[in-house]
Enquirer: 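First the structure, then my questions, so here it is.
Reminder, nothing fancy here: chain letters follow the sequence lines and each chain counts from 1.
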Number of protein chains: 2
Amino acid sequence: MNYNEAKIKFVSTWGSLGSLWGINKAMAQIQALLFISTKPLSMEDIMEDLKISRGNTSMNLRQLMDWGIVTKEIIPGERKEYFTTEKDVQELARIIAKERSRREIQPVIKVLKEVSSIKDDGTEKTKELIKQTKALHDLTETADDMINKIVNQKQNWVTKSLLKLIK
Amino acid sequence: MNYNEAKIKFVSTWGSLGSLWGINKAMAQIQALLFISTKPLSMEDIMEDLKISRGNTSMNLRQLMDWGIVTKEIIPGERKEYFTTEKDVQELARIIAKERSRREIQPVIKVLKEVSSIKDDGTEKTKELIKQTKALHDLTETADDMINKIVNQKQNWVTKSLLKLIK
DNA sequence: ATAAACTTTCAATAATTATTGAAAGTTTAA
DNA sequence: TTAAACTTTCAATAATTATTGAAAGTTTAT
C-alpha cells in the first residue's frame with residue numbers, strides 16, 4: 001500500500017465511521033483530510049480532493065467549526081480562507097465527547113428524568129415504567145459522567161493507569 | 001403527565017436515540033416498548049402499539065434477536081410467538097457495547113493499523129499520515145478497551161468507586 | 001392430508017437525508 | 001466605486017434508508 005492508497009483508505013473509512021460519532025460522511029471526510037494534511041487546506045483543495053461540490057464543502061466546514069474541531073487560518077497575502085483541524089487526538093476526543101453529550105445525551109437524560117418522575121398510581125405497569133426508566137436514567141448519567149471524566153484527563157498516563165486498575 | 005403520555009414520550013425519545021447506538025428507529029422503539037412492558041408481547045401487540053406494519057415488526061424483531069437483546073418466549077397453549085427484552089440495564093449496556101465494538105470499532109481499528117503500517121518513504125506527508133493514524137489507532141483501541149472493561153463489571157459498585165476515583 | 005394461524009420475505013414505495021449548482025452575498029484591492 | 005475573488009445560501013435533485021403489504025413459507029391441530 002503506497003501513500004495515496006493509504007490516504008484514500010483512511011479518508012473513506014473515517015468517513016463511513018462518521019455515523020459512529022454522529023456526523024455525516026462528507027463532514028467526517030473533510031476532517032480526516034485535514035487531520036493528515038501537513039498544511040492548511042483551502043476550500044478549493046478540499047473540493048478537488050474529495051470530489052464534492054463547493055456548497056457541500058462550505059456547509060460541512062461550517063459545521064466542523066461549530067463543533068470546534070476545525071478552525072479558519074488566515075494566510076498573509078492570500079485571499080482564500082484556509083482550514084486546519086485539531087491535531088491532538090486526546091483533545092479531539094475531548095471535544096467530540098463534550099459536544100455529543102451536550103447535543104444528544106443531556107436531552108435524553110432530561111426526558112428520562114421527567115418520565116421516571118410521574119406519579120405512581122399503584123398499577124403494575126406504572127411501577128414498571130418508573131422502575132425501568134429510572135434505571136436507564138441512572139445508567140445513562142453515570143456513563144455520560146464517566147466518559148466526560150476520562151476524556152477530560154489531559155495526561156495520557158491517567159487513562160493508562162485507570163485501564164490497568166480495572167483489568 | 002400520566003402513564004400513557006409518559007409511555008409515548010419514553011418510547012419515542014428512545015426511538016430517536018437509536019442513532020446514538022447505531023440502530024434504526026423502529027428497532028429502538030420496539031426495544032423500548034418491551035423494556036417497560038410487564039409481560040411478553042406478541043407481534044400483534046407491537047404492531048398495534050407502534051402503528052407499524054407486520055413486515056417491519058418482523059424484520060426488526062429479528063435484528064433485535066440477532067443483537068441478543070430480545071428473546072422469543074413460548075407461552076404454553078398459545079399459537080403466537082411472544083417477545084421479551086433484557087430487563088437489566090447493566091446487562092443491556094454490556095451487550096450493546098460488545099456488539100458495537102465487534103461490528104464497528106474492530107474493523108476501524110484494523111484499517112487504522114493497516115494504514116499506519118505503510119512503508120515510510122521519508123516524505124513529510126507520509127510521516128504525517130503514519131503519525132496521525134497511529135495516534136488514532138492507539139486512542140481508538142484504548143477507548144474500546146476501556147468501554148468494554150467498564151461495561152463488563154457486573155457489580156455496580158465498581159463503576160461507582162471508579163467514578164469517584166477519577167473525579 | 002388439509003386448512004387455519006401464524007411468520008417471513010422482498011419488490012415496490014415512501015420518507016429522510018445528503019448533495020449540487022447557480023444566484024446572492026461579502027470582502028478586498030485598486 | 002467598481003469589479004474581481006471569493007464564500008454562503010437554498011431550492012431542486014439525487015442517494016440512501018426505512019416501511020409497507022401481499023404472496024410465499026411454516027407450523028400445528030384435527
Side-chain angles (χ1 to χ4, degrees), chain A residues 11-34 40-67 70-84 100 103-104, chain B residues 11-34 40-67 70-84 100 103-104:
Chain A
V11 171
S12 81
T13 302
W14 203 242
S16 62
L17 187 66
S19 63
L20 204 114
W21 44 295
I23 66 174
N24 77 30
K25 204 181 71 179
M27 203 171 144
Q29 288 189 341
I30 293 172
Q31 198 276 327
L33 197 61
L34 293 172
L41 300 179
S42 69
M43 229 163 76
E44 214 73 37
D45 294 335
I46 295 166
M47 288 169 60
E48 204 171 293
D49 212 325
L50 300 179
K51 275 126 183 69
I52 58 177
S53 72
R54 189 174 296 282
N56 200 3
T57 308
S58 170
M59 289 170 109
N60 284 111
L61 275 171
R62 152 161 354 209
Q63 279 210 76
L64 284 164
M65 287 188 285
D66 287 350
W67 271 71
V70 162
T71 47
K72 255 184 205 160
E73 198 95 340
I74 302 299
I75 295 195
E78 288 267 20
R79 193 72 169 273
K80 283 194 196 114
E81 294 178 326
Y82 284 80
F83 302 90
T84 45
R100 288 213 85 180
R103 292 169 195 235
E104 302 180 80
Chain B
V11 171
S12 80
T13 302
W14 204 241
S16 61
L17 187 67
S19 63
L20 204 113
W21 44 293
I23 66 174
N24 76 32
K25 204 181 73 181
M27 203 172 143
Q29 288 189 342
I30 293 172
Q31 199 275 326
L33 197 61
L34 292 171
L41 300 180
S42 68
M43 228 163 76
E44 213 74 40
D45 293 335
I46 295 167
M47 289 168 59
E48 204 171 292
D49 212 323
L50 300 179
K51 276 127 183 71
I52 58 177
S53 73
R54 189 175 295 283
N56 201 3
T57 308
S58 169
M59 289 170 111
N60 284 110
L61 274 171
R62 146 141 21 192
Q63 280 209 74
L64 284 164
M65 287 189 284
D66 287 348
W67 272 70
V70 162
T71 47
K72 254 184 205 161
E73 198 95 340
I74 303 300
I75 295 193
E78 288 268 19
R79 193 72 168 274
K80 283 192 199 119
E81 294 178 326
Y82 285 80
F83 302 88
T84 45
R100 288 213 85 182
R103 291 169 196 237
E104 301 180 80

Enquirer: Have a look at B:Glu44 and say if it touches a base, only the backbone sugar-phosphate, or nothing, with a 4.0 Å heavy-atom cut-off.
Expert: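 Nothing, no heavy atom under 4.0 Å.
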
Enquirer: Side chain to side chain contact (heavy atoms under 4.5 Å, CB included), that's the test. Do A:Glu44 and A:Arg54 meet it? Break it down for me.
Expert: CA-CA 8 Å; A:Glu44 214 73 37; A:Arg54 189 174 296 282; 3.3 Å; yes

Enquirer: Nearest whole angstrom, please: distance from the P of D:dT8 to the CD1 of A:Ile46.
Expert: 11 Å

Enquirer: Is there side-chain contact between A:Arg100 and B:Leu20, with at least one heavy-atom pair below 4.5 Å?
Expert: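 Side chain of A:Arg100 against side chain of B:Leu20, heavy atoms only: contact under 4.5 Å found.
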
Enquirer: Going by heavy atoms in the side chains, are B:Ile52 and B:Ile30 under 4.5 Å from each other?
Expert: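 In contact.
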
Enquirer: What does C:dA22 pair with, Watson-Crick or G-U, if both distances are under 3.5 Å?
Expert: D:dT9

Enquirer: Strictly below 4.0 Å: does A:Ser58 bring a side-chain N or O up to OP1 or OP2 of D:dT8?
Expert: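 Indeed, a polar side-chain atom of A:Ser58 lies that close.
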
Enquirer: What I'd like to find out is whether the side chain of A:Phe83 reaches to under 4.5 Å of the side chain of A:Leu64, using heavy atoms alone.
Expert: no

Enquirer: Nearest-Å distance, CD1 (A:Ile75) to P (D:dC6)?
Expert: 13 Å

Enquirer: Any N/O pairs under 3.5 Å between the protein and nucleotides 25-28 of chain D? List them or say none.
Expert:
unit_1	atom_1	unit_2	atom_2	d
D:dT27	O2	B:Arg79	NH2	3.4
D:dT28	O2	B:Arg79	NH2	3.2

Enquirer: Given atom CE of B:Met47 and atom C1' of D:dG21, what is their separation to the nearest angstrom?
Expert: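 After rounding, the reported distance stands at 10 Å.
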
Enquirer: Each nucleotide N or O in nucleotides 17-20 of chain C that has a protein N or O under 3.5 Å away: list the pair and distance.
Expert:
unit_1	atom_1	unit_2	atom_2	d
C:dT20	OP2	A:Ser53	N	2.7
C:dT20	OP2	A:Ser53	OG	3.1
C:dT20	OP2	A:Asn56	ND2	3.2

Enquirer: Just the rounded figure in Å: distance from P of C:dC6 to NZ of B:Lys72.
Expert: 14 Å

Enquirer: Just how far, in rounded Å, is P of D:dT8 from CE of A:Met43?
Expert: 6 Å

Enquirer: Separation of A:Ile30 atom CD1 from D:dT7 atom P, in whole Å?
Expert: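 A:Ile30 atom CD1 is separated from D:dT7 atom P by 13 Å.
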
Enquirer: For residues A:Trp67 and A:Gln31, determine if any side-chain heavy atom of one lies less than 4.5 Å from a side-chain heavy atom of the other.
Expert: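 Side chain of A:Trp67 against side chain of A:Gln31, heavy atoms only: no contact under 4.5 Å found.
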
Enquirer: Heavy-atom count check: over 12 atoms from other residues, nucleotides or ligands less than 6.0 Å from A:Glu48 CD?
Expert: no

Enquirer: Heavy-atom distance under 4.5 Å between the side chains of B:Ser42 and B:Tyr82, does that happen here?
Expert: yes

Enquirer: B:Met65 CE to C:dT7 P: how many Å, rounded?
Expert: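 Whole-Å distance recorded here is 10 Å.
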
Enquirer: Is any side-chain heavy atom of A:Gln63 less than 4.5 Å from a side-chain heavy atom of A:Ile23?
Expert: no

Enquirer: Does CZ in A:Arg62 sit with more than 12 non-hydrogen atoms of other residues, nucleotides or ligands closer than 6.0 Å?
Expert: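 Counting neighbours around CZ of A:Arg62, 12 or fewer heavy atoms of other residues, nucleotides or ligands fall under 6.0 Å, so no.
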
Enquirer: Please give, in whole Å, the distance from D:dT7 C1' to A:Asp45 CG?
Expert: 15 Å

